[in-house]
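All residue numbers refer to positions in the sequence shown, counting from 1. Nothing here was measured: the structure is a model prediction, and the numbers come from that model.
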Amino acid sequence: MPRDIAVYGHFIVPAESIIADILIDATGCIITPGLIDFHLHCFTGGSDGACDADTFCLPNGVTTCIDAGTAGSATFPGFYANVISRARTRVLAMLHVAPEGLTTGRHPENQTPGDWDIEAIESLCDRYPEIVALKIRQGHAICDPYGLTDEPVIEGVKLAEKLKKKVVVHVNNPNVSAGRIASELRAGDVFCHMYAGTDENILDEKGKVQREIVEARKRGVIFDACNGRSNFLFRVAEAAISEGFMPDIISSDNSPLGNYRHPLISLPRLLSKYLMLGMRLEEVFDCATINPARWLERLSLASLQPGTESDIAIWKLKNKSVLHKDFIGEVRTGNQVLIPEMTIRDGAIAYSQADFL
């Protein structure tokens with residue numbers, strides 16, 4: 001519904017309460033809260049798998065992001081000092097249970113529970129409110145020899161319960177079934193990369209969504225599409241979506257391997273893909289605004305009402321043939337793409353298309 005939105009400093013205010021010094025004509029555009037990219041990697045300088053938060057987020061309408069466990073207990077203080085405290089983007093974090101976090105993709109991180117620094121994890125979670133969850137990974141290509149069982153999930157959930165935190169679990173070709181992992185998660189915990197897995201995935205041997213996966217959603221487990229470079233397959237997504245198994249959250253899982261390249265490109269490009277897959281525009285935006293904001297228990301990040309944070313994104317929905325690719329090279333063609341025209345972060349213009357203002 002068309003209306004005026006006014007910003008004064010850090011907050012949205014009633015439009016009639018101020019005289020504007022900058023007027024932005026957004027006629028024909030879509031206005032949303034700044035997007036929340038629920039899962040990416042932005043610990044630059046601390047990992048070979050991270051991209052700069054501001055340069056990837058702000059031009060793509062993202063004003064809040066959650067680093068998905070790039071830092072562990074041994075490296076998080078450096079992540080806070082060098083990234084979280086300095087970024088213009090609001091950066092929150094999952095804390096990896098492995099002390100070293102995701103420093104490199106050249107070898108698996110050690111997720112053996114006996115090697116976790118429980119005291120340091122507890123201290124960091126108590127000291128830094130930016131830590132919103134614990135991160136665990138399940139997948140034989142990235143976790144062997146440490147991910148051969150679901151012990152890290154079981155012990156991680158126990159630890160998270162003690163810390164009053166949620167758990168986010170990477171699931172891509174795990175050594176135990178995806179359904180088994182989902183059955184071990186609590187309401188509010190997150191199963192990420194829901195459409196991934198060339199071998200083991202959320203589908204059963206008949207190509208239907210596993211019963212345990214469906215039951216987990218009914219129980220309140222959250223499912224994140226979380227594309228990345230290698231974490232999305234059309235054959236899994238299309239089969240699940242045909243049963244109505246849509247994502248709760250759509251995030252980028254950005255890293256240097258996917259940054260502005262197929263099959264990721266950017267979060268707006270991924271949102272456009274789900275328009276092609278049959279989701280309504282409002283549903284797509286909900287997956288990158290209100291749904292992650294609800295999970296964070298920070299609904300003001302997705303409000304646009306007076307008194308809430310002045311984080312805003314302006315979009316045009318362009319009718320255009322656009323390619324979408326998956327990890328194994330399958331291609332689909334969409335006919336709409338979301339174009340970010342302007343991003344306002346904390347009351348100031350952080351990005352604008354050259355021809356928009």
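With a 4.5 Å cut-off on side-chain heavy atoms, Ser73 and Leu124 count as touching. Side-chain contact between Ser230 and Phe327: present, with at least one pair of heavy atoms (C-beta onward) separated by less than 4.5 Å. No side-chain heavy atom of Cys287 sits under 4.5 Å from any side-chain heavy atom of Phe38. Put simply, the side chain of Val167 reaches to within 4.5 Å of the side chain of Arg186, judged on heavy atoms. Put simply, the side chain of Pro306 does not reach to within 4.5 Å of the side chain of Val13, judged on heavy atoms. Side-chain atoms of Ile339 and Gln353, non-hydrogen and from C-beta on, do get closer than 4.5 Å to each other. With a 4.5 Å cut-off on side-chain heavy atoms, Cys125 and Lys164 do not count as touching. Proximity of Val91 to Cys42: side-chain heavy atoms (C-beta onward) are separated by under 4.5 Å at one or more points.
Phe245 and Leu275 fall within a single hydrophobic cluster, where Ile, Leu, Val, Met, Phe, Trp and Tyr side chains are chained together by heavy-atom contacts under 4.5 Å. Val168 and Val153 are not part of a single hydrophobic cluster, where members link through side-chain heavy atoms under 4.5 Å apart. Under a hydrophobic clustering in which Ile, Leu, Val, Met, Phe, Trp and Tyr are joined whenever their side-chain heavy atoms come within less than 4.5 Å, directly or via other members, Ile349 and Val62 fall into different clusters. Ile290 and Leu296 sit in two unconnected hydrophobic clusters of ILVMFWY residues. Membership requires side-chain heavy atoms under 4.5 Å apart, directly or through other members. Residues Ile136 and Ile249 do not share a hydrophobic cluster, clusters being chains of Ile/Leu/Val/Met/Phe/Trp/Tyr side chains in contact below 4.5 Å.
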Is there a side-chain hydrogen bond (donor to acceptor under 3.5 Å, both in side chains) between His41 and Asp253? Walk through the geometry before answering.
CA-CA 7 Å; His41 296 277; Asp253 191 20; 3.2 Å; yes
Output, in order, the C-alpha distance, side-chain angles, deciding distance and verdict of side-chain contact (heavy atoms from CB on, under 4.5 Å) for Ile314 and Ile30.
CA-CA 6 Å; Ile314 303 175; Ile30 301 164; over 6 Å; no
Set out, in order, the CA-CA distance, both residues' side-chain angles and the distance that settles side-chain hydrogen bond (donor to acceptor under 3.5 Å, both in side chains) for His193 and Asn172, then state yes or no.
CA-CA 7 Å; His193 313 310; Asn172 189 343; over 6 Å; no
With side-chain hydrogen bond (donor to acceptor under 3.5 Å, both in side chains) as the criterion, how do Thr104 and Asp48 come out once you've worked through the C-alpha distance, each side chain's angles and the decisive distance to 0.1 Å?
CA-CA 5 Å; Thr104 181; Asp48 60 13; 2.7 Å; yes
I'd like to know whether Lys166 forms a side-chain contact (heavy atoms from CB on, under 4.5 Å) with Met94, so could you lay out the CA-CA distance, the side-chain angles of the two residues, the decisive distance to 0.1 Å, and finally the verdict.
CA-CA 9 Å; Lys166 297 168 182 174; Met94 307 169 198; over 6 Å; no
Run the numbers on Asp346 and Glu309 for side-chain contact (heavy atoms from CB on, under 4.5 Å), then give the verdict.
CA-CA 7 Å; Asp346 202 23; Glu309 286 91 337; over 6 Å; no
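In this structure, Leu338 CG and Leu317 CG are separated by 5.5 Å, a value rounded to the nearest 0.5 Å. Remark: Arg269 CZ to Leu323 CG distance equals 7.0 Å, nearest 0.5 Å. We find the CG-CZ distance between Leu277 and Phe234 to be 6.0 Å, quoted to the nearest 0.5 Å. Distance check: Leu134 CG to Leu159 CG gives 5.5 Å after rounding to the nearest 0.5 Å. Taking CZ from Phe191 and SG from Cys226, the interatomic distance works out to 11.0 Å, rounded to the nearest 0.5 Å. Here the straight-line distance linking atom NZ of Lys325 with atom CG of Leu264 works out to 13.5 Å at 0.5 Å rounding.
Between the side chains of Glu109 and His96, at least one donor N or O lies within less than 3.5 Å of an accepting N or O. Between the side chains of Gln138 and Glu200, not a single donor N or O lies within less than 3.5 Å of an accepting N or O. A donor atom on one side chain and an acceptor atom on the other are not found under 3.5 Å apart for Asn291 and Asp248. Using modelled atom types and a 3.5 Å distance limit, the side chains of Asn175 and His140 yield no donor-acceptor pair. Donor-acceptor pairing under 3.5 Å is recorded for the side chains of Thr70 and Asp67.
Salt-bridge annotation for Arg180 and Glu212: absent, with no side-chain N of the basic residue lying under 4.0 Å from a carboxylate O of the acidic one. The residues Glu215 and Arg217 are annotated as not salt-bridged, no charged nitrogen and carboxylate oxygen being separated by less than 4.0 angstrom. Classification of Glu161 and Lys158 as a salt-bridged pair fails, no side-chain N sitting under 4.0 Å from a carboxylate O. The residues Arg88 and Asp54 are annotated as not salt-bridged, no charged nitrogen and carboxylate oxygen being separated by less than 4.0 angstrom.
Counting only distance, with no hydrogens or angles, the side chain of Asp115 and the backbone of Gln111 share no donor-acceptor pair below 3.5 Å. Although no hydrogens or angles enter the test, the distance criterion places no donor-acceptor pair under 3.5 Å between the side chain of Ser310 and the main chain of Ile12. Side chain of Asn82 to main chain of Gly45: no donor-acceptor pair is present (N/O by atom type, distance under 3.5 Å, no hydrogens or angles). Side chain of Asn227 to main chain of Pro263: a donor-acceptor pair is present (N/O by atom type, distance under 3.5 Å, no hydrogens or angles). A donor-acceptor pair under 3.5 Å is absent between the side-chain atoms of Gln336 and the main chain of Lys320, judged by distance alone. Side-chain N or O atoms of Ser123 include none that pairs as donor or acceptor with a backbone N or O of Glu119 at under 3.5 Å. Judged by distance alone, with hydrogens and angles left aside, the side-chain atoms of Thr289 form no donor-acceptor pair with the main-chain N or O of Leu35 at under 3.5 Å. Arg261 contributes no side-chain N or O that, together with a main-chain N or O of Arg229, makes up a donor-acceptor pair within less than 3.5 Å. Under a 3.5 Å cut-off, the side chain of Asn173 and the backbone N or O of Thr198 do form a donor-acceptor pair. A donor-acceptor pair under 3.5 Å links the side-chain atoms of Glu283 to the main chain of Arg280, judged by distance alone.
A perpendicular orientation is assigned to the rings of Phe232 and Tyr195, their planes being inclined by more than 60° (bins at 30° and 60°).
Nearest heavy atoms, Ala71 versus Leu95: O-CD1, 3.7 Å. The minimum heavy-atom distance between Leu304 and Thr308, with the atom names listed, is N-OG1, 3.8 Å. Nearest heavy atom pair, residue Ile213 against residue Ala182, reads CD1-CB, 3.7 Å. Nearest approach of Ser252 to Leu267, heavy atoms of both residues: N-CD1, 4.0 Å. Between Ala6 and Pro14, the shortest heavy-atom distance links the atoms CB-O, 4.1 Å. Listed here is the closest heavy atom pair of Cys51 and Asn254: CB-ND2, 3.4 Å.
Other residues, nucleotides and ligands contribute over 12 non-hydrogen atoms within 6.0 Å of the CZ atom of Arg3. Residue Tyr8 qualifies as open at atom OH: its count of foreign heavy atoms under 6.0 Å is 12 or below. At most 12 heavy atoms of other shown residues, nucleotides or ligands fall within 6.0 angstrom of atom CD in Glu297.
Taking the six-membered ring for Trp and the full ring otherwise, Tyr128 and Phe76 have centroids separated by under 6.0 Å.
For the pairing with Arg345, the side chain to side chain donor-acceptor pair (under 3.5 Å) check across Thr63, Asp311, Thr64 returns one residue only, Asp311.
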